[in-house]
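Just the heavy atoms: all of them, side chains too, but no hydrogens, waters or symmetry mates, feed the values below.
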Amino acid sequence: MRTLLNLIWLVLSGFWLALGYVVAGVICCVLIVTIPFGIASFRIAGYALWPFGRTVVHDPRSGVMSVIGNVIWLVVAGWWLALGHLGSGILLCLTVIGIPLGVANFKMIRVSLVPLGARIVESDRSI
């Protein structure tokens, strides 16, 4: 079932959302100072391509620098990506088949707003 949902997700919204994360990652990697944001963006792009069967957990080893980085990310790129998830989620929820995909979009809003200090793991296990 995960594979079927992931394939439908990839066709309907996953490719475009991942493309948004890749663009944000490339822009962030232009400057040396923002490379950690670019790495986080690329990591989330992979999650946006194939989200079912994986989940986002808080990394307990993250510190103050990830909080500061998340505030900067939120102002610069996070809210744009969150709006993309919100719009895509609303459109997907208009159909019966798209409701699980829309819910997955809504779950990804949190990681799009604050990606630093979060890890993407398989659903079977946590940290």
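Annotation: the span from Thr55 atom OG1 to Arg119 atom CZ amounts to 11.5 Å, rounded to 0.5 Å. One finds the CD1 atom of Ile39 at 12.0 Å from the CD1 atom of Ile44 (value rounded to the nearest 0.5 Å). The CZ atom of Phe52 sits 10.0 Å away from atom CG of Leu4, with the distance rounded to the nearest 0.5 Å. Within the model, atoms SG of Cys28 and CD1 of Ile35 stand 10.0 Å from one another, a figure rounded to the nearest 0.5 Å. The CH2 atom of Trp73 sits 8.5 Å away from atom OG of Ser112, with the distance rounded to the nearest 0.5 Å. A distance of 11.0 Å separates CD1 in Ile97 from CG in Leu5, rounded to the nearest 0.5 Å.
Both Val111 and Leu116 are members of a single hydrophobic cluster when ILVMFWY side chains are connected at heavy-atom separations under 4.5 Å. Follow the hydrophobic side-chain contacts under 4.5 Å out from Leu12 and you reach Trp9 in the same cluster. When hydrophobic clusters are built by joining Ile, Leu, Val, Met, Phe, Trp and Tyr residues whose side-chain heavy atoms come closer than 4.5 Å, directly or via intermediates, Leu81 is not grouped with Leu49. In the hydrophobic cluster analysis, where Ile, Leu, Val, Met, Phe, Trp and Tyr join through side-chain heavy atoms closer than 4.5 angstrom, Tyr47 is grouped together with Leu92.
Residue Gly53 comes nearest to Glu122 through the heavy atom pair O-OE1, 3.4 Å, listed as atom of the first residue, atom of the second, then distance. For the pair Ser66 and Gly63, the tightest heavy-atom approach, listed with the atom from each and the gap, is OG-O, 2.7 Å. Residues Val56 and Ala118 approach most closely at CG1-CB, 3.7 Å, considering heavy atoms.
Under the 3.5 Å distance criterion, the side-chain polar atoms of Trp50 are left unmatched by any main-chain donor or acceptor of Gly46. Judged by distance alone, the side chain of Ser88 and the main-chain N or O of His85 form no donor-acceptor pair under 3.5 Å.
A heavy-atom distance below 4.5 Å is not found between the side chains of Ser41 and Val22. Using a 4.5 Å cut-off on side-chain heavy atoms (C-beta onward), Thr34 and Ile27 make no contact. In this structure, Ser13 and Leu101 have side chains that are not in contact, with every pair of non-hydrogen atoms separated by 4.5 Å or more. With contacts defined as side-chain heavy-atom distances shorter than 4.5 Å, the pair Arg43/Ile120 qualifies. The shortest side-chain heavy-atom distance between Val11 and Leu7 does not fall under the 4.5 Å cut-off.
By the side-chain contact (heavy atoms from CB on, under 4.5 Å) test, Leu91 is found to be paired with Leu94, residues two or more places apart in sequence or in another chain being considered. Listed by chain and number, the residues in a side-chain contact (heavy atoms from CB on, under 4.5 Å) with Leu113 are Leu74, Ala82, Ile109 (sequence neighbours excluded). Every residue meeting the side-chain contact (heavy atoms from CB on, under 4.5 Å) condition with Ile72, not counting sequence neighbours, appears here in chain and number order: Phe37, Ile68, Val76.
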